[in-house]
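Ligands are counted one by one from 1 in listed order, and the atoms in each one are counted from 1 as well. Just so we're clear, the structure is a prediction, and the values are computed from it rather than from any experiment.
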Amino acid sequence: MQILLTGALGQLGSELVGALRERYGDRAVVLTDVRSDPEPELVAAGPYHAVDCRDGEALLEIVRRYRVKRIYHLAALLSAVAEARPDDAWDINVNGLRTVLEVARTENCSVFTPSSIGAFGPNTPKDYTPQDTIQRPTTVYGITKVSGELLCDYYYRRYGLDTRGVRYPGLISNVTPPGGGTTDYAVDIYYSAVRHKRYRCFLKGDTYLDMMYMPDAIKAAIDIMEADPARLRHRNAFNVTAMSFCPEEQAGYIRKHIPEFEITYDIDPVRQAIANSWPNTLEDYAARVEWGWEPQYDLDAMTRDMLTVLSKRFAAEEGGQS
Ligand code: NAD
Ligand code: SER
């Protein structure tokens with residue numbers, strides 16, 4: 001199976017690449033991103049091409065050259081960046097997706113496209129948000145994500161294209177920093193806890209949002225594309241979640257390992273408004289039943305792992321410097 005990723009250098013792509021290479025082989029995974037300065041260690045093992053996902057001709061040429069049969073379309077602007085650059089967000093998130101779907105249709109590729117908790121809005125039920133419910137997002141990011149879900153459904157129904165996807169919650173990881181989202185605090189807090197034993201949070205302490213540790217996000221991306229299509233009723237926008245917490249609660253779990261850790265607050269009104277418009281916690285029954293979704297990490301296990309990995313890395317860096 002030859003696979004192509006767009007947005008391969010981002011928070012999700014940079015780790016999904018490793019899992020895909022392990023499963024399908026180094027040469028089977030073709031990385032693309034708009035950036036022309038990829039991290040050398042990421043592109044050492046397999047092909048990389050700097051391509052804008054809106055450039056259909058360039059993408060088609062690469063898909064044909066490598067005989068690609070599956071596309072992980074990860075290129076997008078995240079919520080906070082999108083709010084600052086709404087025109088770019090529409091163009092990259094919607095026209096970029098449409099370009100990828102057209103390339104996929106020409107070459108009969110399956111396509112994975114992540115949606116988000118951002119596809120919900122203030123009048124969506126906030127607790128145990130159902131799979132199929134009201135979607136009236138108030139952010140440009142959310143509007144592009146709902147459009148993407150519908151566009152992928154359309155390509156499946158109209159052209160029989162094998163489109164699939166999940167609605168990711170905030171993703172937490174320790175390899176590549178997040179790309180400008182509202183949930184970024186939940187990553188930054190671990191880096192700051194290990195380095196400085198304190199963190200100044202841009203969301204209020206009682207703001208609940210769904211979150212997921214990166215190993216579970218990767219597993220979801222692979223499992224849904226490997227799932228038996230006959231079992232899929234929803235295809236493009238499966239709710240998936242692993243945990244729901246607020247900054248105050250996350251700080252409490254960090255204090256189990258770093259008792260002197262302190263959290264203070266300096267609220268960013270833009271990101272707070274975005275967070276307030278999103279669910280507190282998702283219900284992910286459809287993903288569990290239709291393709292066996294089951295996360296491995298809760299807040300406790302993730303916190304332990306994040307702090308262990310980051311402490312070792314920073315100690316090694318300091319050791320290297322002295
Ligand atoms: P990211 O911002 O870390 O990475 C996106 C990548 O896309 C970057 O490497 C960027 O250079 C690239 N890119 C931007 N514009 C491009 C263009 N025009 N052409 C080609 N590449 C371009 O984002 P991520 O966190 O890796 O997110 C991947 C996908 O998952 C996105 O669709 C995002 O909406 C979705 N998602 C992410 C999260 C999260 O918490 N990270 C949560 C829900 C959904
Ligand atoms: N983590 C993402 C964001 O905050 C959710 O899609 O933008």
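Nearest protein heavy-atom neighbour of atom 33 (C) of ligand 1: L78 CD2, 3.3 Å. Protein heavy atom nearest atom 4 (O) of ligand 2, with residue, atom name and distance: T182 N, 2.6 Å. Of the protein's heavy atoms, T183 OG1, 2.6 Å lies nearest to atom 1 (N) of ligand 2.
On a distance-only criterion, S116 and ligand 1 share no N/O pair closer than 3.5 Å. Checking only distances, Y168 never comes within under 3.5 Å of ligand 1, N or O to N or O. Looking at ligand 1, you'll find an N or O of Y141 within less than 3.5 Å of one of its N or O atoms. Considering backbone and side-chain atoms together, A75 places no N or O closer than 3.5 Å to any N or O of ligand 1. Where the criterion is an N or O separation shorter than 3.5 Å, residue side chain and backbone included, S79 meets it with respect to ligand 2. Note: no N/O pair closer than 3.5 Å links P177 and ligand 1 by distance alone. At under 3.5 Å, a nitrogen or oxygen of K145, whether backbone or side chain, sits near a nitrogen or oxygen of ligand 1.
Aromatic ring pairs are classed by plane angle as parallel below 30°, tilted from 30° to 60° and perpendicular above 60°; the pair H234 and F238 is perpendicular. Aromatic ring pairs are classed by plane angle as parallel below 30°, tilted from 30° to 60° and perpendicular above 60°; the pair Y185 and F245 is perpendicular.
Heavy-atom contacts of D52 reach the following atoms of ligand 1: 17 (C), 18 (N), 19 (N) (cutoff under 4.0 Å). Short contacts between ligand 2 and L78, defined as distances under 4.0 Å to a heavy atom of the residue, involve ligand atoms 7 (O). Remark: ligand 1 atoms within the under-4.0 Å shell around heavy atoms of G7 are 6 (C), 7 (O), 12 (C). Each of the following atoms of ligand 1 lies closer than 4.0 Å to a heavy atom of A76: 5 (C), 7 (O), 31 (C), 32 (O). Each of the following atoms of ligand 2 lies closer than 4.0 Å to a heavy atom of S116: 5 (C), 6 (O).
Considering only heavy atoms from C-beta on, R54 stays 4.5 Å or farther from L59 through its side chain. Side-chain contact between N174 and R313 is present, with at least one heavy-atom pair separated by less than 4.5 Å.
For K145 and E149, the salt-bridge test fails: no basic side-chain N is under 4.0 Å from an acidic carboxylate O. The pair K204-D206 fails the salt-bridge criterion, with no side-chain N (NZ, NE, NH1 or NH2) lying under 4.0 Å from an Asp/Glu carboxylate O.
In this structure, S115 counts as a contact residue of ligand 1, since one of its heavy atoms falls inside 4.0 Å of the ligand. For P169, the heavy-atom gap to ligand 1 drops under 4.0 angstrom. Residue-ligand proximity: T6 is placed with every non-hydrogen atom at 4.0 Å or more from ligand 1. Ligand 1 does not have D91 within reach: every non-hydrogen atom of the residue lies 4.0 Å or more from it. For the ligand labelled ligand 1, residue G170 lies inside the 4.0 Å heavy-atom shell. Heavy atoms of W278 come nearer than 4.0 angstrom to ligand 2 in at least one pair.
At a heavy-atom cutoff of 4.0 Å, ligand 1 is contacted by the side chain of R54 but not by its backbone. The side chain of Y141, and not its backbone, has at least one atom closer than 4.0 Å to an atom of ligand 2 (non-hydrogen atoms only; side chain from C-beta on).
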T241 vs D284, test: side chain to side chain donor-acceptor pair (under 3.5 Å). Steps then yes/no. CA-CA 7 Å; T241 187; D284 57 6; 5.6 Å; no
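With atom 24 (P) of ligand 1 as the reference point, the heavy atom nearest to it among I92, N95, L12 is part of L12. The option from M212, R167, Q11 that lies nearest to atom 41 (N) of ligand 1, judged by heavy atoms, is Q11. Distances from atom 13 (N) of ligand 1 to the heavy atoms of V34, V240, T176, V166 show the closest one on V34.
To the nearest 0.5 Å, atoms CH2 (W293) and CZ (R288) are separated by 7.5 Å.
Defined by atom type and a distance below 3.5 Å, a donor-acceptor pair is missing between the side-chain atoms of Q296 and Y213. For the residue pair S244 and T281, no side-chain donor N or O sits within less than 3.5 Å of a side-chain acceptor on the partner.
Looking at every heavy atom in both residues, D216 comes nearest to A242 through OD2-CB, 4.3 Å.
Each of T99, D91, N93 was evaluated against N95; a single residue qualifies, D91, per the side chain to side chain donor-acceptor pair (under 3.5 Å) test. Checking N236, D153, T113 one by one against T163, the side chain to side chain donor-acceptor pair (under 3.5 Å) holds for a single residue, N236.
Under a 3.5 Å cut-off, the side chain of S192 and the backbone N or O of D188 do not form any donor-acceptor pair. Using modelled atom types, no side-chain atom of D210 and backbone atom of P169 make a donor-acceptor pair closer than 3.5 Å.
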